[in-house]
*Asks:* 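Pasting in a structure now, in structure tokens, and then I'll have a few things to ask.
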Amino acid sequence: MQALVKLVLEPEWEARFEPNSYGFRPGRSCHDAVGAIYTAVNKKSKYVLDADISKCFDRINHDVLLKKLNTYLTLRRQIRAWLKAGVMDGKSLFPTDEGTPQGGVKSPLLANIALHGLEELIMGLAPKFNMRDSRGHTFGLRDKIKSISCIRYADDFVVLHEEYEVIKLCKTEIEKWLCGIGLKLKLSKTRLVHTLNNLEGEEPGFNFLGFNVRQFPVGKHNSGSKSRSGLLGFKTIITLSKESQKRHYRKVAEVIDKSRGLDQATLIMILNPIIRGWCNYFSTVVSQKIFERLWHLVV
């Protein structure tokens, strides 16, 4: 029944979802989101709001979600009944007054519907961008709106722009908007950084979906060129984040440790899908040296 409801809702909302929303959508992947980030920063260094929504699936406001669905009465009642059904833990039933049921077929779709409008919110901040920066220069409204990027994968998203003040304003407005649907940013995973330079003690670059996006100063022989003329002076490199490397190594080490009694052929058969799947995911970026180092550690 849930799969049937998903088939009813998905075509309608796929036609309405924002262009830079990539999570849990047919025909879109993590690599598409990372590719969009690369396109946004490849020619210019930018400030980044690297944000994560705290307990997104657990705290979505039901009334706001149902109002946003704006569907016919029978389907609305069915979805509301699912949302309010509660969760069984052993023999105890716990009420679900907020959030979407994790593990449900329709849950990712409902979460995407709840978060729909985030990109539109940022693009709608145009009047507030008509301000002066710390040097007294007036922001060019048309250029600033055009160059801002909001890329979201489920509850993880980044906002990129050349001006620090614009990023700070976006963070403030996003926090207000999230409060309206019962959500808030996770402070421990929300950072304001720059792709090229240190910012308030934070190292350049940011992590997104297991990848690390960062720009490095380079000489004229390695630097890309601007769209019109001149050299960029930096190179954008996307590689594996340190956390994803450590997580993969721990998983492989754990499998090897638990398989001490197995013969070599069986152990290799168990490890192959783990290593192959992980390598296929990260093979699209700058990963050769990291693959070689982890191969040396495993062998």
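Computed from a predicted model, the values in this text were never measured in an experiment.
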*Asks:* Within the supplied structure, the quantity of interest is the number of heavy atoms (other residues, nucleotides, ligands) at a distance under 6.0 Å from Lys189 NZ; does it exceed 12?
*Replies:*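 12 or below, so no.
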*Asks:* Applying side chain to side chain contact (heavy atoms under 4.5 Å, CB included), can you list everything that pairs with Asp263, at least two apart in sequence or on another chain?
*Replies:*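 With neighbours one apart ignored, the set is Ala265, Thr266.
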*Asks:* Sequence neighbours left out, cut at 3.5 Å: what donor-acceptor pairs do the side chains of residues 153-160 make with other protein atoms?
*Replies:*
none

*Asks:* I'd like to check the side-chain hydrogen bond (donor to acceptor under 3.5 Å, both in side chains) partners of Thr236; sequence neighbours left out, ordered by chain and number.
*Replies:*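 Testing Thr236 for side-chain hydrogen bond (donor to acceptor under 3.5 Å, both in side chains), a comparison that skips the adjacent residues, returns Gln215.
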*Asks:* Evaluate whether atom CZ of Arg293 has more than 12 neighbouring non-hydrogen atoms of other residues, nucleotides or ligands under 6.0 angstrom away.
*Replies:*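 Result for CZ/Arg293: enclosed.
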*Asks:* With a 4.5 Å limit on heavy-atom distance, are the side chains of Leu9 and Leu75 in contact?
*Replies:*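 Touching, per the 4.5 Å side-chain cut-off.
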*Asks:* Can you check whether Ile290's main-chain N or O pairs, donor with acceptor, with Gln245's side chain at less than 3.5 Å?
*Replies:*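 No; judged by distance alone, with no hydrogens or angles, the pair does not exist.
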*Asks:* Grab the two heavy atoms, one from Thr190 and one from Ala51, that are nearest each other, plus how far apart they are.
*Replies:*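 Closest approach of Thr190 to Ala51, heavy atoms only: OG1-CA, 3.9 Å.
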*Asks:* Could you list the residues that satisfy side chain to side chain contact (heavy atoms under 4.5 Å, CB included) with Ser29, not counting sequence neighbours?
*Replies:*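 Expected list: His31, Asp32.
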*Asks:* According to side-chain hydrogen bond (donor to acceptor under 3.5 Å, both in side chains), who are the partners of His248, at least two apart in sequence or on a separate chain?
*Replies:*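 In terms of side-chain hydrogen bond (donor to acceptor under 3.5 Å, both in side chains), with neighbours along the sequence ignored, His248 is linked to no residue.
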*Asks:* Please tabulate, for side-chain N and O atoms in residues 111-121, each donor-acceptor pair with protein atoms closer than 3.5 Å (sequence neighbours left out).
*Replies:*
unit_1, atom_1, unit_2, atom_2, d
Asn112, OD1, Arg152, NH1, 3.1
Asn112, ND2, Gly23, O, 2.7
Glu119, OE1, Asn20, N, 3.3
Glu119, OE2, Asn20, ND2, 3.2

*Asks:* Which heavy atom of Val193 sits nearest a heavy atom of Gly205, and at what distance?
*Replies:*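 Shortest heavy-atom separation between Val193 and Gly205 comes out as CG2-O, 3.7 Å.
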*Asks:* Would you please say whether a donor-acceptor pair under 3.5 Å links the side chains of Thr195 and Ser45?
*Replies:*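 Not at all, the side chains of Thr195 and Ser45 share no donor-acceptor pair under 3.5 Å.
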*Asks:* What pairs meet the side-chain hydrogen bond (donor to acceptor under 3.5 Å, both in side chains) rule with one or both residues in residues 267-285, with sequence neighbours excluded?
*Replies:*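 Passing the test, one end in residues 267-285: no pairs.
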*Asks:* Same cluster for Ile181 and Leu109 if Ile/Leu/Val/Met/Phe/Trp/Tyr side chains link at under 4.5 Å?
*Replies:*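 Same cluster: Ile181 reaches Leu109 through Ile, Leu, Val, Met, Phe, Trp or Tyr contacts under 4.5 Å.
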*Asks:* Go through the structure and list residues passing side-chain hydrogen bond (donor to acceptor under 3.5 Å, both in side chains) with Asp58, not counting sequence neighbours.
*Replies:*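 Residues passing side-chain hydrogen bond (donor to acceptor under 3.5 Å, both in side chains) with Asp58: Gln102.
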*Asks:* Holding to side chain to side chain contact (heavy atoms under 4.5 Å, CB included), I want the full list of residues that pass it with Leu187, two or more places apart in sequence or in another chain.
*Replies:*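 None.
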*Asks:* Using the side chain to side chain contact (heavy atoms under 4.5 Å, CB included) criterion, which residues pair with Pro26? Sequence neighbours excluded.
*Replies:*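 Checked Pro26 against side chain to side chain contact (heavy atoms under 4.5 Å, CB included); matches are Glu10, Glu14.
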*Asks:* Return yes if some donor-acceptor pair links the side-chain N/O of His62 with the main-chain N/O of Lys84 below 3.5 Å, else return no.
*Replies:*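 No: the side chain of His62 does not pair with the backbone of Lys84.
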*Asks:* Consider only side-chain N and O atoms of Asn61 and Glu98, and report whether a donor and an acceptor are under 3.5 Å apart.
*Replies:*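 Result is no, nothing qualifies.
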*Asks:* List, by chain and number, the other hydrophobic cluster members for Ile237, where Ile, Leu, Val, Met, Phe, Trp and Tyr join if side-chain heavy atoms come within less than 4.5 Å, directly or indirectly.
*Replies:*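 Besides Ile237, the cluster holds Phe216, Val286.
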*Asks:* Is Arg250 salt-bridged to Asp257, cutoff N-O under 4.0 Å?
*Replies:*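 Looking at Asp257 together with Arg250, the answer is no, because their closest N to O distance does not fall below 4.0 Å.
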*Asks:* Are Lys44 and Glu162 packed together at the side-chain level, in the sense that at least one heavy-atom pair is separated by less than 4.5 angstrom?
*Replies:*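 Side-chain contact under 4.5 Å: yes.
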*Asks:* Can you tell me how far CG of Leu49 sits from SG of Cys170, rounded to the nearest 0.5 angstrom?
*Replies:*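 That separation rounds to 7.5 Å.
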*Asks:* If every non-hydrogen atom of Ser223 is compared with every non-hydrogen atom of Gly233, which pair is closest and at what distance?
*Replies:*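 Taking every non-hydrogen atom into account, OG-N, 2.8 Å.
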*Asks:* With sequence neighbours left out, write down each residue that passes side-chain hydrogen bond (donor to acceptor under 3.5 Å, both in side chains) with Glu292, or none if nothing qualifies.
*Replies:*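 Result, side-chain hydrogen bond (donor to acceptor under 3.5 Å, both in side chains) vs Glu292: Gln288.
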